[in-house]
Amino acid sequence: MLRIPCPHCGTRDEVEFHYGGDASVRRPAADADTAAYAAYVYERTNPRGWHLEWWFHAAGCRQWLEVRRHTVSHAIDTVNGKP
Amino acid sequence: MTEKTAQDVTPSAAPAFKSTGRYSALRLLREALSGHRNWTRAWRKAEPRSEYEVVIIGGGGHGLATAYYLANHFGITNVAVIEKGPIGLGNVGRNTTIIRSTYYTPENIRFYDFSLKLWEGLEQELNFNAMVSQRGCVYTYHTDGQRDAMTCRANDMRLVGADCVELDRAALKSLIPAIALDNGRFPIMGAFMQPRGGTVRHDAVAWGYARGASEAGVDIIEHCEVTGVRQQGGRVTGVETTRGFIGAGTVCLAVAGHSSHVAAMAGIRLPIESHALQAFVSEAIKPFLDVVLMFGAGHYYVSQSDKGGMVFGGNIDRHNTYAQRGTQWVAQEVAAEGVALLPALANLRILRQWGGVMDMTMDGSPIISRLPVDGLVMNGGWCYGGFKAIPAGGYTTAHLIAHGESHPLTTHMDLARFAEGRTVDEPGTGPFPWAH
Ligand SMILES: Cc1cc2nc3c(=O)[nH]c(=O)nc-3n(C[C@H](O)[C@H](O)[C@H](O)COP(=O)(O)OP(=O)(O)OC[C@H]3O[C@@H](n4cnc5c(N)ncnc54)[C@H](O)[C@@H]3O)c2cc1C
Ligand SMILES: [Zn+2]
């Protein structure tokens with residue numbers, strides 16, 4: 001079970017949150033080619049290590065948080081860029 | 001520096017290996033007479049040679065099956081399977097062992113039904129008891145809409161020659177007396193069943209393919225982790241491993257949950273995220289359930305093992321992970337679903353729980369494909385359904401390696417489908433790998 005330190009509500013159980021996936025994904029420029037858009041929609045770095053990801057605090061402050069979490073140890077080191 | 005001679009790189013005489021010979025009832029009797037002291041190892045523990053025609057990364061079900069079919073059906077025996085730990089301890093040894101071809105898209109039904117046909121003849125093919133048990137897979141439905149969707153699926157299955165029958169409430173109750181037809185929240189309206197579906201002894205699948213591959217000359221190299229993929233001029237030349245460089249004409253990724261990690265070694269990004277799926281086993285009880293049962297109002301499946309334990313699982317943990325464990329709320333959710341379907345399960349204690357890391361693709365369908373580096377192919381993206389696919393996955397991947405092009409049953413599983421806008425949206429959820 002993850003314990004996610006919400007900057008607004010304090011440390012809460014994972015069950016209060018909804019996972020939103022890779023937060024490092026950036027939408028390409030409007031005139032980018034289809035290959036860039038295909039990569040944006042489908043491809044992920046999926047690192048075995050630190051991962052920047054979205055968590056929505058659904059049962060709390062209802063804010064989207066940008067969490068950096070390790071995908072092997074599950075340690076969380078920053079939320080919204082702060083330790 | 002002088003060039004190494006062939007003698008330097010060939011390991012000193014390989015340890016003597018006696019073929020296991022054929023397994024049979026007569027053999028069992030004969031070995032019993034000598035107190036079972038003369039059985040030999042089922043496969044040869046090989047040391048890496050400096051070069052192979054084909055190197056397969058990953059000694060799971062798909063890697064071993066690919067090696068088996070390459071050596072026994074496609075005439076390519078200069079093959080190594082390279083596994084970072086012992087073979088069979090990845091997902092092939094961690095899954096809930098359900099086999100079926102109850103898919104939605106016709107191309108997937110055809111592929112998975114081919115796999116079922118290979119399962120049906122597997123024990124004769126491998127001369128190995130994999131305990132293939134076609135006890136039937138039963139899916140409950142709880143709403144009119146769900147019945148219509150399942151009817152559509154059943155018809156699609158029948159159209160391509162797979163089997164699927166509808167069960168009304170009375171038939172369901174007589175098949176599974178313990179089922180709670182009128183549970184308060186999700187009353188059951190009926191069910192569909194694939195009689196040819198069932199379970200298989202998962203470890204035996206790894207062992208059987210390993211034995212068949214090894215007997216045909218394949219080197220199975222354990223405790224050897226691939227750490228890099230070497231290329232020259234856009235062509236793969238081999239793999240860096242914890243036991244040195246191993247040259248290869250073709251390199252095949254069959255690393256399941258680690259597909260992205262290993263593909264990145266060749267500079268390739270995949271449409272995959274790694275997620276954990278858990279499995280649970282209860283204490284052993286007398287015969288209670290003799291089919292595989294799936295709960296249509298949630299995501300839950302259960303069967304009873306031959307030892308008597310109830311084996312069950314549910315949804316993935318829903319956040320990226322490479323850790324082979326599971327989160328607790330999913331365990332609670334899975335247990336609650338089980339009790340809604342079979343209330344008597346509430347009396348049982350869970351004995352064991354574990355997790356496996358799976359490569360969830362963006363459309364929920366697997367990838368058997370050439371990769372954008374010449375000589376590099378992959379078998380992966382199995383999501384949580386790749387056990388049932390092992391015979392067909394191995395066979396069609398061997399075909400891809402031997403012929404350089406996809407087997408007709410897997411042309412829809414190529415990697416280019418994502419960029420070219422022809423994804424196989426099996427779950428119908430769009431590009432969210434954790435949503436199904
Ligand atoms: C809990 C659970 C339940 C499941 N239930 C079912 C089910 O009921 N029915 C079904 O059809 N499917 C099921 N699945 C899915 C199925 O188990 C997998 O899709 C399938 O086993 C994956 O293919 P594999 O057997 O080749 O993988 P694996 O056995 O995981 O093989 C991959 C191998 O690659 C090795 N490897 C990884 N990286 C490297 C490296 N760098 N160098 C060398 N080796 C490496 C790993 O150690 C591993 O042994 C389930 C999965 C899980 C986790
Ligand atoms: Zn909050």
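Numbered from 1 within each chain, the chains take letters A, B, ... in sequence-line order.
Within the model, atoms CZ of Arg48(A) and CG of Asn320(B) stand 13.5 Å from one another, a figure rounded to the nearest 0.5 Å. To the nearest 0.5 Å, atom OG1 of residue Thr327(B) and atom CG of residue Asp13(A) are 9.0 Å apart.
Formation of a donor-acceptor pair under 3.5 Å by the Asn46(A) side chain with backbone atoms of Ser274(B) is found in this model.
Residues Arg318(B) and His18(A) fail the side-chain proximity criterion, which asks for heavy atoms closer than 4.5 Å.
A 6.0 Å sphere centred on CZ of Arg94(B) holds more than 12 heavy atoms belonging to other residues, nucleotides or ligands. In this structure, Tyr104(B) places its OH atom where only 12 or fewer heavy-atom neighbours from other residues, nucleotides or ligands lie under 6.0 Å away. Counting non-hydrogen atoms of other residues, nucleotides and ligands closer than 6.0 Å to CZ of Arg352(B) gives a total of 12 or fewer.
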side-chain contact (heavy atoms from CB on, under 4.5 Å) between Tyr42(A) and Asp363(B), worked out: CA-CA 9 Å; Tyr42(A) 298 114; Asp363(B) 64 356; 6.0 Å; no

Met362(B)/Val41(A) under side-chain contact (heavy atoms from CB on, under 4.5 Å): CA gap, chis, key distance, verdict: CA-CA 9 Å; Met362(B) 285 293 193; Val41(A) 174; over 6 Å; no

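His70(A) does not touch chain B: none of its heavy atoms, backbone or side chain, sits under 4.5 Å away. Residue Thr423(B) touches chain A through its side chain alone, counting heavy-atom pairs closer than 4.5 Å. Heavy-atom distances place the backbone of Leu270(B), and not its side chain, under 4.5 Å from chain A. There is no contact between Thr34(A) and chain B, counting heavy-atom distances below 4.5 Å. With a 4.5 Å cut-off on non-hydrogen atoms, Ala419(B) touches chain A through its backbone and its side chain both.
The most heavy-atom pairs under 4.5 Å with chain A, out of His258(B), Glu420(B), Gln328(B), come from His258(B). For chain B, the option among Pro47(A), Ser73(A), Gly49(A) with the highest count of heavy-atom pairs below 4.5 Å is Pro47(A). Considering only heavy-atom pairs separated by less than 4.5 Å from chain B, the leading option among Met1(A), His51(A), Glu53(A), Glu43(A) is Glu43(A). Of the residues considered (Phe418(B), Trp329(B), Tyr322(B)), Tyr322(B) shows the highest number of contacts with chain A, using heavy-atom pairs under 4.5 Å.
Classified by interplanar angle (parallel below 30°, tilted 30° to 60°, perpendicular above 60°), the ring pair His319(B)/Trp55(A) is tilted.
Here the closest heavy-atom approach between residue Thr321(B) and residue His74(A) is recorded as OG1-NE2, 2.6 Å.
A search for salt bridge (charged side-chain N to carboxylate O under 4.0 Å, His left out) contacts involving Asp374(B) returns nothing, not counting sequence neighbours.
Side-chain contact, Arg44(A) with Ser260(B): no donor N or O sits under 3.5 Å from an acceptor N or O.
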